[in-house]
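Structure, as structure tokens:
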Number of protein chains: 2
Amino acid sequence: MTPSRKVAIEKSSDFGKDFPVPKAERHSLIRPSLEDEIASAIQEGILGGQWNPGERLVEMELAQYFGVSQGTIRGALKYLQAGGLVEHRPRRGNFVISISEEDIRDISLMRDTLESLGAQLAAERISSEGEARLYEVVDEMRQASKQHQRQRLLELDLRFHRTVVEIADSRLLQDMYRRLEGPALLFLRMADGFYQEPQAIVDLHEPLLEAICSGDSARAYELARRHTDPDAGRLTGRYRK
Amino acid sequence: MTPSRKVAIEKSSDFGKDFPVPKAERHSLIRPSLEDEIASAIQEGILGGQWNPGERLVEMELAQYFGVSQGTIRGALKYLQAGGLVEHRPRRGNFVISISEEDIRDISLMRDTLESLGAQLAAERISSEGEARLYEVVDEMRQASKQHQRQRLLELDLRFHRTVVEIADSRLLQDMYRRLEGPALLFLRMADGFYQEPQAIVDLHEPLLEAICSGDSARAYELARRHTDPDAGRLTGRYRK
DNA sequence: TATTTATTATTGATAATCACTAATCAAGTA
DNA sequence: TACTTGATTAGTGATTATCAATAATAAATA
């Protein structure tokens, strides 16, 4: 989602010619454009099952449905394309992605890869504000675990790592995690939280939280790469049958 | 770049309801849209120095320059946004990215991360056609090295790994590598190939090529993660002074 | 049944337009 | 000098209308 991204203030040491950074840049609490809002709405629709995987998204239909113009819809769809939830086929249209077995493996692999990198970086530059945000998520996890809300727990899992990635403070990593998150959420909702015990997720994130907050980047890195060895095979294996 | 992506044919085992895959899907050698062509042209302009980092890209100016409509330009700019070369600020416009010190570190880190993952996967599913493509790139590397074309060598380096990533055959990974490649190329061209000896690059890729082709994924993984330890510090350090 | 031909729906692309917002500059004020 | 305020202007955000090109669908033919 991240409809409004923090604008990185360039420093004088940047590459290339110096183009002035306008004053207004600093205080602008960016209001999301209509396009962004529509994009979020469509995304929610996809994740909520209003549009199914593989289904075609017709521009004019959406325009009427949301009461906006075709151009706005087109922009919103482009945004979703970048987020990986919508696939564009030239002269054919836009389609909600389908998730294949290979995609599931990829998602798991990339989660490991990006989340472990994120954890490592976050441990190096955690702040008290970041700590508070992470603690909050883990608290919600504990509650969800007690009430055996598996679905919610898996989504909190993703939210935890998105927060970690934001703390890691890397534009590249954040964009990539956004590309990953949409498909991951779609898969989770379709698969309906079928793997891992609730408590196991909490047990995994508590030490990870601690490692990050204590600045132990190596340990954070190791703790965050979890699916790879034990789970990945079991996951796809379990799906296959 | 990848203006036309291979369309993944869904299999019946996919998630979600089954929506029929039309016949035309199979034989369509997708012609790139005008938008894609314009996007490539702008990208070349950015990498070629026609537009400088931080510079504003005014829609109507570009529309006149390329002789297309404003809408087409807007679409092309969205594509470049996803590729990470253009930054969009709501109600302000589109700007060529500036590359900060942090970005340089991030690019290096992400290259390691994605390229090593790519190498690992490629080793697991290399084909004779893929082998040929990789050998070709390494051959070009050898030539460039002999003629001390440092700049070209660094770009071949990126091309090698993009090829590896294509062989790895993961939509997610490919998209992410595309997000990385634009900024990486921009940085390389601005920095004008200032680090690493030509021969060192060849010496690195020859064993990597061999590892991938022999299916030794673990070795391929290790060989591909190179910048991290020895170079990253030296790189940013050298830049800083 | 398979292939060709028409029909229709939808995207690709353009053009013209208007509201709204940011950046700029100038004048006035402390 | 420094700091507002106000007017000006450039440029995006968004709409509407339109037309050509093309894919998907249905119908007709062999």
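Everything numeric in this text was worked out from a predicted model, so none of it was measured. Throughout, protein chains are lettered first and strands after them, A, B, ... in sequence-line order, and every chain is numbered starting at 1.
- Residue contacts shown for Gly93(B) are limited to sugar-phosphate atoms, with no base heavy atom under 4.0 Å away.
- Counting only heavy atoms from C-beta outward, the side chains of Met176(B) and Leu114(A) approach each other to under 4.5 Å.
- Among the nucleotides dA13(C), dT12(D), dT10(C), the one closest to the side chain of Leu34(B) is dA13(C).
- Of the candidates dA14(D), dT12(D), dT14(C), the closest approach to any side-chain atom of Ser69(B) belongs to dT14(C).
- Between Ile73(A) atom CD1 and dG13(D) atom P there is a gap of 16 Å when expressed in whole angstrom units.
- The side-chain tip of Arg178(A) points at the ring of Tyr79(A) from less than 6.0 angstrom away and within 45° of straight on.
- Using cut-offs of 30° and 60° for the angle between ring planes, the Phe66(A) and Trp51(A) rings count as tilted.
- Distances shown here put a side-chain N or O of Thr72(B) below 4.0 Å from the OP1 or OP2 atom of dT14(C).
- Of the candidate nucleotides dA24(D), dT11(C), dG13(D), dA24(D) has the atom nearest to the side chain of Arg92(A).
- For Glu61(A) and dT10(C), the CD to P distance is 6 Å, given to the nearest whole Å.
- Of the candidate nucleotides dT15(D), dT14(C), dG11(D), dT15(D) has the atom lying nearest to any side-chain atom of Val68(A).
- Considering only side-chain atoms of Arg74(A), the nucleotide from dA14(D), dT12(D), dT11(C) that sits closest is dT11(C).
- A cation-pi geometry, defined here as NZ or CZ lying under 6.0 Å from the six-membered ring centre and within 45° of its normal, holds between Arg89(A) and Phe95(A).
- To the nearest angstrom, P of dT11(C) lies 9 Å from CZ of Phe95(A).
- Looking at heavy-atom distances under 4.0 Å, Leu57(A) makes contact with sugar-phosphate atoms alone, never a base.
- In the set dT15(D), dT11(C), dT12(D), dT12(D) carries the atom at the smallest distance from any side-chain atom of Arg56(B).
- Rounded to an integer number of Å, the gap from OH of Tyr79(A) to P of dA14(D) is 14 Å.
- Residue His88(B) has a polar side-chain atom (N or O) positioned under 4.0 Å from OP1 or OP2 of dG13(D).
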